[in-house]
Amino acid sequence: MCSSKARYLIFFQYFGTKYSGVMKAPIHQNVLGVQNYLEDALRKLRPVNEIAVFISSRTDSGVHALQNSAHVEIQRKEGNMPFSEQVLVDALNYHLQSEPIRTYLYRFVTGVTHHSQIPVFERNLCWALPTQHFSTEAVQDAAQLLKGTHDFSTFRSLNSETPFRSPVKTLQEVTVAPVESSFSRHYCHQHMQYWELTFQSKSFLYKQVRRMTGALVAVGQGRLTPKQLQDLLDVRNSLAFPQNMIAPPDGLFLKEVKYENFRN
């Protein structure tokens, strides 16, 4: 009995930010193409032939597609019938699940005149700010400028990965809220107010959260206006970000990595 081979026409969509384009990229490259992921997913079906996906329409790096198409031939082992359309769709959707959502939070405390005032068990776990005045309303308003899909070039630090990573990211959530420390109830610490900035996205650039935190804190302190924050975003130049405004690493925490439930 001969093994069965079938040709399939596949329709697919993608958010192009994380890809080098739709076409296959060399596997040593940090950012791959959509075709790389499609072929990897099809190989997980264990065909007997070498998988080659033929893309119908090329798109460049960062470009999205509401619908693109490709064809591929899949040959199964002897005695196995070709995959049905629904089985193939379900299998590809399963192996091409979207990236997990990452949530970072940054803790800082206001009302500290000297670092030594911070409770021992809070040291190196938050950013101590000497200011008494801090406007959460100003921060929330400024955060809306960062929320959504933008070129965050200004908000990344340069490193060896910079040439290979798209600066376009989607910030799904940015919030600031006062929180209690278990040590703030003590009389000698009651003048301190702890805060948490929360950022949610599928991926972040190098030091992006620390730069965004520094800028938003500066807005809350009145050292930076929302207009100046917008200008930093628009200039799209890492070197334009004031180096003395980057938040220190002490208060930064990866809160969770959340995987979405699979849906057909």
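In what follows, residues are counted from 1 in the order of the sequence shown.
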Checklist line | Nearest-0.5 Å distance that lies between atom OG in Ser238 and atom CG in Leu205 | finding: 9.5 Å
Notebook entry, point to check: What is the distance from atom OG of Ser20 to atom CZ of Arg165, rounded to the nearest 0.5 Å?
Noted result: 13.5 Å
Check: Which atom pair, heavy atoms only, marks the closest approach of Leu224 to Ala215?
Finding: CD2-O, 3.7 Å
Notebook entry, point to check: Can you tell if the side chain of Pro167 reaches within under 4.5 Å of the side chain of Phe152, non-hydrogen atoms only?
Noted result: no
Check: At what distance, to the nearest 0.5 angstrom, does CD of Gln140 lie from CG of Leu197?
Finding: 8.5 Å
Notebook entry, point to check: If you measure from CZ on Arg223 to CD on Gln228, what distance do you get to the nearest 0.5 Å?
Noted result: 11.0 Å
Margin query: Using 30° and 60° as the class boundaries, would you call the ring planes of Tyr106 and Trp127 parallel, tilted or perpendicular?
Written below: perpendicular
Check: Within a strict 4.5 Å, meaning less than it, do heavy atoms of the Lys202 and Thr170 side chains meet?
Finding: no
Margin query: Tell me if the NZ atom of Lys255 is crowded by more than 12 foreign heavy atoms within 6.0 Å.
Written below: no
Checklist line | Distance in Å, Gln193 CD paired with Leu129 CG, rounded so as to fall on 0.5 Å steps | finding: 12.0 Å
Next item on the list: Carefully, step by step, assess Val174 and Leu216 under the rule side-chain contact (heavy atoms from CB on, under 4.5 Å).
Entry: CA-CA 10 Å; Val174 192; Leu216 290 175; 4.0 Å; yes
Next item on the list: Answer yes or no: does atom CD1 of Ile27 have more than 12 heavy-atom neighbours from other residues, nucleotides or ligands under 6.0 Å?
Entry: no
Next item on the list: Flag yes if more than 12 heavy atoms outside Glu85 fall under 6.0 Å of its CD atom; otherwise flag no.
Entry: no
Check: If two hydrophobic side chains count as joined below 4.5 Å and joins carry through other members, does Leu146 share a cluster with Val219?
Finding: yes
Check: Is there a side-chain contact (heavy atoms from CB on, under 4.5 Å) between Tyr19 and Ser61 once you walk through the steps?
Finding: CA-CA 6 Å; Tyr19 305 109; Ser61 176; over 6 Å; no
Checklist line | Atom of Gln35, atom of Val53 and distance for their closest heavy-atom approach | finding: NE2-O, 2.9 Å
Next item on the list: Start with the C-alpha distance between Arg102 and Ser201, add both sets of side-chain angles, then the distance that settles side chain to side chain donor-acceptor pair (under 3.5 Å), and finish with yes or no.
Entry: CA-CA 5 Å; Arg102 293 161 178 82; Ser201 178; over 6 Å; no
Checklist line | Donor + acceptor pair across side chains of Ser56, Asn68 (<3.5 Å) | finding: yes
Notebook entry, point to check: Can you find a heavy atom in the side chain of His150 that is under 4.5 Å from one in the side chain of Leu233?
Noted result: yes
Notebook entry, point to check: Is the Phe108-Phe134 ring centre distance short of 6.0 angstrom?
Noted result: yes
Note to self: Grouping I, L, V, M, F, W and Y whenever their side-chain heavy atoms are under 4.5 Å apart, do Leu32 and Leu38 come out in a common cluster?
What the structure shows: yes
Next item on the list: Applying ring-ring contact (aromatic ring centres under 6.0 Å, His included), run through Phe241 and Phe155 and close with a yes or a no.
Entry: CA-CA 7 Å; Phe241 194 91; Phe155 290 86; 5.6 Å; yes
Checklist line | Non-hydrogen atoms of Ile10 and Leu92 that approach each other most closely | finding: CD1-CD1, 4.1 Å
Notebook entry, point to check: Where the side chain of Arg211 meets the backbone of Arg156, is there a donor-acceptor pair that is under 3.5 Å apart?
Noted result: yes
Notebook entry, point to check: Are any non-hydrogen side-chain atoms of Glu39 and Lys24 less than 4.5 angstrom apart?
Noted result: yes
Next item on the list: Before giving the answer on side chain to side chain donor-acceptor pair (under 3.5 Å), spell out for Lys169 and Ser203 the whole-Å C-alpha distance, their side-chain angles and the decisive distance to 0.1 Å.
Entry: CA-CA 7 Å; Lys169 298 293 177 185; Ser203 63; 2.8 Å; yes
Next item on the list: For residues Arg43 and Glu50, determine if any side-chain heavy atom of one lies less than 4.5 Å from a side-chain heavy atom of the other.
Entry: yes
Next item on the list: Mind running side-chain contact (heavy atoms from CB on, under 4.5 Å) on Glu173 and Thr175 for me, showing each step along the way?
Entry: CA-CA 7 Å; Glu173 197 61 55; Thr175 59; 3.5 Å; yes
Margin query: For Phe204 and Phe199: C-alpha separation, side-chain torsions, deciding distance, then whether ring-ring contact (aromatic ring centres under 6.0 Å, His included) applies.
Written below: CA-CA 10 Å; Phe204 293 91; Phe199 303 91; 7.1 Å; no
Check: Given the rule that I, L, V, M, F, W and Y join up when any side-chain heavy atoms are under 4.5 Å apart, are Tyr14 and Tyr8 in one cluster?
Finding: yes
Next item on the list: Give the intermediate values and the outcome of side-chain contact (heavy atoms from CB on, under 4.5 Å) for residues Leu42 and Leu88.
Entry: CA-CA 9 Å; Leu42 288 164; Leu88 186 62; 4.0 Å; yes
Note to self: Can you tell me how far apart CG (Asn49) and CD (Glu73) are? Round to the nearest 0.5 Å.
What the structure shows: 7.5 Å
Checklist line | Beyond-backbone contact of Ile55 with Val34, side-chain heavy atoms, under 4.5 angstrom | finding: no
Next item on the list: Using the rule that two of Ile, Leu, Val, Met, Phe, Trp, Tyr join whenever any of their side-chain heavy atoms come within less than 4.5 Å, decide whether Val87 and Leu96 are in one cluster.
Entry: yes
Item checked: Note, Met192 side chain near Thr110 side chain (heavy atom, < 4.5 Å) -> no
Item checked: Minimum heavy-atom distance Asn237-Thr154, with the two atoms named -> N-OG1, 2.9 Å
Next item on the list: Classify the angle between the aromatic ring planes of Phe54 and His71 as parallel (below 30°), tilted (30 to 60°) or perpendicular (above 60°).
Entry: parallel
Next item on the list: Find out whether Val22 and Phe12 are in side-chain contact, i.e. whether some heavy atom of one side chain is under 4.5 Å from a heavy atom of the other.
Entry: yes
Next item on the list: Identify whether NZ of Lys or CZ of Arg in Arg76 sits under 6.0 Å from the centre of the six-membered ring of Phe83 and within 45° of that ring's axis.
Entry: yes
Notebook entry, point to check: Short question: side chain of Asn159, backbone of Thr162 - any donor-acceptor pair under 3.5 Å?
Noted result: yes
Note to self: If the threshold is 4.0 Å, N to carboxylate O, is there a salt bridge linking Glu122 and Arg107?
What the structure shows: yes
Item checked: CA sep, side-chain torsions, deciding dist, call: Asp231, Lys227, salt bridge (Lys or Arg N to Asp or Glu O under 4.0 Å) -> CA-CA 6 Å; Asp231 290 343; Lys227 169 67 165 56; 3.0 Å; yes
Check: What's the shortest heavy-atom distance between Met23 and Asn36, and which atoms?
Finding: O-OD1, 4.2 Å
Item checked: Co-membership, hydrophobic cluster, residues Val209 and Leu254, 4.5 Å side-chain -> yes
Checklist line | Least distance between heavy atoms, Gln13 atom then Ala65 atom | finding: CB-O, 3.2 Å
